[in-house]
K.L.:
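Could you have a look at this structure, given as structure tokens, before my questions?
Given the structure is predicted, the values throughout are model-derived calculations rather than measurements.
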Amino acid sequence: MNRKDEESLRVRAVPNPPPLPVALTRSRQESTFVARKSAVRKYCCAPTATKNTWDCLFDEGYRADVSINTDSGGILYAHASILGVNSPVFKSMLSLKESRARGRSGHQSSISISGVPPEAVQVFIRFLYSSRYEEEKMKEHGLSLLVLSHAYAVVHLKRECEWQLEQRLNVENVVDIFQLALLCDAPRLSLLCHRFMLKNFKPVSATEGWKAMKQSHPVLEKQMLKSVIDEDIREKERSRKNNERKIYVQLYEAMEALVHICKDGCRTIGPHDKVLKEDQEPCHYAACKGLESLIRHFAGCKLRVPGGCIHCKRMWQILELHSRLCANLDVCRVPLCRNFKQKRRKQNKKDEMKWRILVRKIVRSKSISGAPFFSFEST
């Protein structure tokens with residue numbers, strides 16, 4: 001038996017792996033389901049019955065060992081273990097109170113949460129039990145829940161509040177949400193608010209929220225006004241560059257159309273040795289029509305010397321620009337191409353630099369370096 005036969009027998013002797021357990025397969029399917037659900041911003045990490053049990057534990061306060069005092073004299077009862085597991089802030093607070101109360105029998109810890117509506121505190125504590133909330137409660141107390149989740153370091157609730165507030169940004173509430181996002185260290189939310197205010201500055205600056213910010217945080221208002229001015233400058237610069245690029249693209253298309261007319265001919269104009277067909281297909285060069293009329297004027301104008309006719313001067317510039325882009329001087333059919341190449345040697349450095357900059361920008365705007373008719377190396 002040779003070596004290949006021995007190796008094949010060894011491979012065949014290795015048994016197939018056993019199938020995955022049913023429980024493990026289910027758990028993987030469930031985890032996939034949970035991952036898909038999480039993309040829809042829903043907390044589905046436990047069955048509904050389990051969450052109902054946790055809600056019931058909070059509602060009934062069975063064997064609760066912590067009382068939470070809210071504004072207007074409200075009291076909520078909770079369990080220290082639940083609060084401590086979900087919030088490191090609660091954990092340190094309760095640990096400190098427990099260490100002080102050692103030796104006292106029947107002592108119950110007490111915590112005060114003030115500055116927010118009592119109903120918001122109830123929604124907050126309920127979320128610590130079952131990771132659930134009602135949509136209406138989130139709409140009503142979203143800002144308060146963001147403050148509570150930040151103050152007590154409940155990260156998953158804070159992220160949910162940020163996402164919910166992002167979906168509800170409008171002209172009336174964006175200033176309040178922006179200030180709160182800065183205080184609660186929510187960079188994404190503050191960035192979205194900042195962009196929203198820049199895009200809708202006029203209506204936003206007329207709201208009561210903006211007026212309140214102007215009185216309470218004048219420095220923040222000045223920063224926003226500076227951002228608006230900077231954004232306006234950037235927008236004008238972008239517009240200028242776009243318009244500039246359009247001009248370079250038009251010049252490039254004019255160069256293509258010029259080569260097309262002088263080499264192949266177009267409709268009623270072309271080289272003298274080219275027979276033009278009357279039933280020729282429509283030209284696909286956009287600049288061809290305007291360039292055709294310019295060439296006809298150039299051919300019949302009496303003042304076509306440089307500095308005379310404006311239209312002729314433009315034609316001279318187009319011909320010189322072509323000569324600086326032309327990559328096939330020996331076979332080029334464009335008039336005066338070689339003459340302009342020779343003329344460049346007599347130009348001063350300042351004019352030469354201007355032409356080089358123009359050619360470089362045209363090349364970059366259309367990425368035509370290495371094209372069949374034009375090349376940056378020719379400059």
Side-chain angles (χ1 to χ4, degrees), residues 240-379:
R240 185 189 66 80
K241 288 183 178 180
N242 288 336
N243 293 334
E244 192 177 81
R245 186 179 180 277
K246 287 180 182 178
I247 294 173
Y248 297 142
V249 171
Q250 290 173 359
L251 287 172
Y252 165 72
E253 292 174 351
M255 296 300 101
E256 275 192 328
L258 181 64
V259 173
H260 162 65
I261 291 173
C262 297
K263 181 182 178 184
D264 304 321
C266 180
R267 292 177 293 198
T268 60
I269 190 170
H272 62 87
D273 57 346
K274 188 82 173 180
V275 178
L276 302 176
K277 299 179 181 179
E278 294 182 359
D279 57 344
Q280 197 173 7
E281 296 181 357
C283 182
H284 64 276
Y285 289 98
C288 209
K289 186 175 181 180
L291 193 60
E292 179 182 341
S293 60
L294 191 62
I295 291 174
R296 289 187 181 279
H297 171 83
F298 183 73
C301 183
K302 303 297 183 180
L303 301 173
R304 62 182 180 181
V305 293
C309 177
I310 298 176
H311 302 291
C312 292
K313 184 178 181 181
R314 186 178 302 170
M315 191 65 207
W316 283 110
Q317 292 172 343
I318 290 175
L319 291 172
E320 183 171 359
L321 179 60
H322 163 80
S323 71
R324 292 177 175 275
L325 286 167
C326 183
N328 300 312
L329 181 63
D330 297 332
V331 296
C332 182
R333 303 289 300 273
V334 177
L336 305 176
C337 183
R338 187 182 295 275
N339 294 11
F340 277 111
K341 289 280 187 184
Q342 297 173 355
K343 177 186 173 183
R344 286 169 50 188
R345 301 172 185 173
K346 301 178 182 179
Q347 280 186 334
N348 57 45
K349 292 183 178 180
K350 187 175 181 181
D351 292 338
E352 181 69 18
M353 185 58 64
K354 287 181 180 179
W355 279 105
R356 279 183 169 273
I357 293 173
L358 176 62
V359 170
R360 189 185 298 272
K361 289 183 177 180
I362 293 174
V363 170
R364 287 178 178 174
S365 66
K366 288 291 287 187
S367 300
I368 61 174
S369 182
F373 303 116
F374 308 123
S375 175
F376 179 66
E377 277 73 18
S378 62
T379 62

K.L.:
With rounding to the nearest 0.5 angstrom, report the CG to SG distance, Leu294 to Cys301.
P.N.:
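It comes to 10.5 Å.
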K.L.:
Evaluate Met255 against Ile318 for side chain to side chain contact (heavy atoms under 4.5 Å, CB included), listing each step before the verdict.
P.N.:
CA-CA 8 Å; Met255 296 300 101; Ile318 290 175; 3.4 Å; yes
K.L.:
With rounding to the nearest 0.5 Å, note down the distance linking CE in Met315 to CG in Leu258.
P.N.:
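If I round to the nearest 0.5 Å, the distance is 5.5 Å.
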K.L.:
About how many Å separate CD1 of Ile295 and CD1 of Ile261, when rounded to the nearest 0.5 Å?
P.N.:
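CD1 of Ile295 is found 4.0 Å from CD1 of Ile261.
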K.L.:
If the threshold is 4.0 Å, N to carboxylate O, is there a salt bridge linking Glu253 and Lys246?
P.N.:
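So Glu253 does not pair with Lys246 through a salt bridge.
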K.L.:
With sequence neighbours left out, what residues match Gln317 under side-chain hydrogen bond (donor to acceptor under 3.5 Å, both in side chains)?
P.N.:
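Scan of Gln317 (side-chain hydrogen bond (donor to acceptor under 3.5 Å, both in side chains), adjacent residues dropped) gives none.
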K.L.:
How far apart are the C-alpha atoms of Leu325 and Tyr252, what are their side-chain angles, what is the distance that settles it, and do they pass the side chain to side chain contact (heavy atoms under 4.5 Å, CB included) test?
P.N.:
CA-CA 10 Å; Leu325 286 167; Tyr252 165 72; over 6 Å; no
K.L.:
Once rounded to the nearest 0.5 Å, what's the spacing between atom CZ of Arg324 and atom CD1 of Ile362?
P.N.:
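Result: 11.0 Å between the selected atoms.
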K.L.:
Tell me, please, which residues at least two apart from Ile247 pass side chain to side chain contact (heavy atoms under 4.5 Å, CB included).
P.N.:
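With neighbours one apart ignored, the set is Leu251.
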K.L.:
Can Val363 and Tyr248 be said to form a side chain to side chain contact (heavy atoms under 4.5 Å, CB included), step by step?
P.N.:
CA-CA 9 Å; Val363 170; Tyr248 297 142; over 6 Å; no
K.L.:
If you measure from CE on Met353 to CZ on Arg356, what distance do you get to the nearest 0.5 Å?
P.N.:
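Rounded to the nearest 0.5 Å, the CE-CZ separation comes out at 7.0 Å.
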K.L.:
Drop me the distance from Trp355's CH2 to Glu352's CD, to the nearest 0.5 angstrom.
P.N.:
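Rounded to the nearest 0.5 Å, the CH2-CD separation comes to 10.0 Å.
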